[in-house]
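Right, one structure below, let's go through it.
Chain identifiers are assigned alphabetically (A, B, ...) following the order of the sequence lines, protein sequences preceding nucleic acid strands; residue numbering begins at 1 within each chain. Quick caveat: nothing in here was measured; it's all calculated off a predicted structure.
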Amino acid sequence: MTVRTRFAPSPTGFLHIGGARTALYNWLYAKRHGGTFLLRVEDTDADRSTTESMQIILDGLRWLGLEWDEGPGVGGPCGPYFQSERVGIYDRYLAKLEAAGLVYEDEGAIRFRVPDKLITVSDLVCGEVSTNLKEAGSRRYDADLKREVEANPDIVIKRPNGGYIFHFVNVVDDIEMAITHVIRGEDHLSNTPKHLALFEAFGVTPPQFAHIPLNLNPSGTKMSKRDQGALIHEYQDAGFLPSGVNNYMALLGWSAKDDQEIFTMEELKSRFDLTGVNSSNSKFDFDKCRWVNGEHLKRLTTEEFEQLAGPFLAKAGIAPEDPRVPTALGLARDRVQTLGEVPAIIGTIFAGSVTYDEASVAKVKEKADLAAVIEALITSLEAASDWSIDGIKAAVTSGAESLGVKMGTLMLPCRVATMGSTSGADLVPVLVLLGKEETVKRLRGFGGIIA
RNA sequence: GACCCGUUCGUCUAAGGGUUAGGACACCGCCCUUUCACGGCGGUAAUACGGGUUCGAAUCCCGUACGGGUCGCCA
């Protein structure tokens, strides 16, 4: 049987990292087994569903490269892929339950009679979990009263206003769309017996279930929109690579069982499997996510890096077609973990003026003879006949000799004077790009500031 | 509160009865570098606790603690 997996988001406005990872696991599992990955929009709650909020989710999935084989925009044999357009199908399935005497009306809503027996979920990740819905559902915790109250264990599947409820449509669609593997967050594990009861009521063999552990924020609670790294579009804005984000998401809850940490999408596709998914929740570590992304950045070709960095340069006011850009990018390349960090490294090269970092200035000011050092730099660099890496080095060396100090003594003040900070890209190549005139101008300007 | 799931360095994880408990991020140190990084090498750091079973337990069983989840006419 061909594997068919699905991602079924409800359009609440953002593609959350947890949802994205669920989508990734489903996508990878389908790819790994030569199957089909489908996207279904669970928009039964009309109040919360808008076109824009759905578009953000689709855009996020496309950016990640998790293209769906069936679903919105591409169609497929099991459409429509919006639950809001499938009411006729749900009516038909409801009629089946009615015919079997398994539903009844209760204050305008339709309830499904849950069976009074032990239902066992055989989960590919969590193992076997058993529940009796009739027993478990006959009590409910009332948050206001802070105690349990009597409850009707039969689940509502249709509202008085005609809208169908998640548990029902979810099962109907999984049947209609011939889903073979349901990979979803562990928060659904407790719901699964209800779904199994419905599959049985329809006389259908249920799909295999795999409940994957949740991603928690660093404080150990469920990731919320406000947590760093929670929303996929933020990765795009910050200059992450889709492959880097996918790689890190894959690692949160899954292991290849060897020491490999960096995977291309192709490698993930061939190596991912449910057997490597572990059952305990994981905390999101933004630093490691950045590191993984940095590794993906390093594996880019020069051309790819330049092309991808372009928009981030433009956003920072640097013209990507400036002839100095390729060299500057080469200097920034192996010291950034996201493309968004690039302008901070090389922006000052292209800027009309230098913004001085206070701590950096204070550090070079500690040297008593700073003014003399700057003066020597101006004199020797101005005299340089060959404005190349070697020529500049020779000039700085001669400046150092004139003061009777080592070249290294001049480098940090020169760095702060021309770039504003003690840290930054390799300085001599930066000076080459800056040009002699601008370099000397900046040194003079700095000399004026410290005087 | 009831039920369900979980618990290995700070974090992500490996080890499916016998390992000096391995790797990665982060952190610290050293080397390289006449600057800044990259890089290389090394270090600190973990089996939640208590009972069993066993010649032998991170690994199997029970209990406790802690964490997370579910208990909607949300999905």
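Ring pair A:F286/A:F284 is tilted by interplanar angle, where 30° to 60° counts as tilted. Using bins of under 30°, 30° to 60° and over 60° for the plane-to-plane angle, the ring pair A:Y93/A:F202 lands in the perpendicular bin. Using cut-offs of 30° and 60° on the angle between ring planes, the pair A:Y235 and A:F240 is perpendicular.
The side chain to side chain contact (heavy atoms under 4.5 Å, CB included) test with A:V172 is passed by exactly one of A:L198, A:L94, A:I89: A:I89.
The CZ atom of A:R113 sits 6.5 Å away from the OH atom of A:Y104 when rounded to the nearest 0.5 Å. Atoms CE and OG1, from A:M249 and A:T22 in turn, are 9.5 Å apart once rounded to the nearest 0.5 Å.
Residues A:S219 and A:Q83 both approach RNA chain B. Their nearest nucleotides, taken by heavy-atom distance, put A:S219 toward the 5′ side. Map A:Q337 and A:H167 each onto its nearest nucleotide of RNA chain B; the residue landing nearer the 5' end is A:Q337.
The glycosidic torsion of B:rC38 lies within 90° of 0, placing the base in the syn range.
Each of B:rG1, B:rC73, B:rC71 was ranked by its minimum atom distance to the side chain of A:V156; first place goes to B:rC73. Closest to the A:Y141 side chain, of the nucleotides B:rG1, B:rU35, B:rC73, is B:rG1. Among the nucleotides B:rA75, B:rG1, B:rC38, the one closest to the side chain of A:E148 is B:rG1. In this structure, of B:rC4, B:rG69, B:rC73, it is B:rC4 that holds the atom nearest to the side chain of A:L189. When distances run from any side-chain atom of A:R159 to the nucleotides B:rC73, B:rU34, B:rA26, the shortest one goes to B:rC73. For A:W291, the side-chain atoms get nearest to B:rA26 when compared with the rest of B:rA26, B:rC73, B:rA75. Distances were taken from every side-chain heavy atom of A:V129 (C-beta onward) to each of B:rC36, B:rC4, B:rA26; the shortest belongs to B:rC4.
Residue side chain A:R333 does not reach the base of B:rC38 through any donor-acceptor N/O pair under 3.5 Å, judged by distance alone. Contact of A:D187 with B:rU70 (side chain to base): no donor-acceptor pair of N or O atoms is detected under 3.5 Å.
Within the 4.0 Å cut-off from OP1 or OP2 of B:rU34, not a single side-chain nitrogen or oxygen of A:T397 is found. Phosphate contact (OP1/OP2 of B:rG72, side-chain N/O of A:R140, threshold under 4.0 Å): present.
One P atom belongs to B:rG29, the other to B:rU53, and the distance between them is 49 Å to the nearest Å.
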Would you tabulate the pairs of protein nitrogen or oxygen atoms and nucleotide nitrogen or oxygen atoms of nucleotides 6-16 of chain B closer than 3.5 angstrom?
| residue | atom | partner | partner atom | Å |
| --- | --- | --- | --- | --- |
| B:rC12 | OP1 | A:K283 | N | 2.8 |
| B:rC12 | O2' | A:L251 | O | 3.2 |
| B:rU13 | OP1 | A:G253 | N | 2.8 |
| B:rA14 | OP1 | A:K257 | NZ | 3.1 |

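Side-chain contact annotation: A:T275 with A:D273, donor-acceptor N/O pair under 3.5 Å absent.
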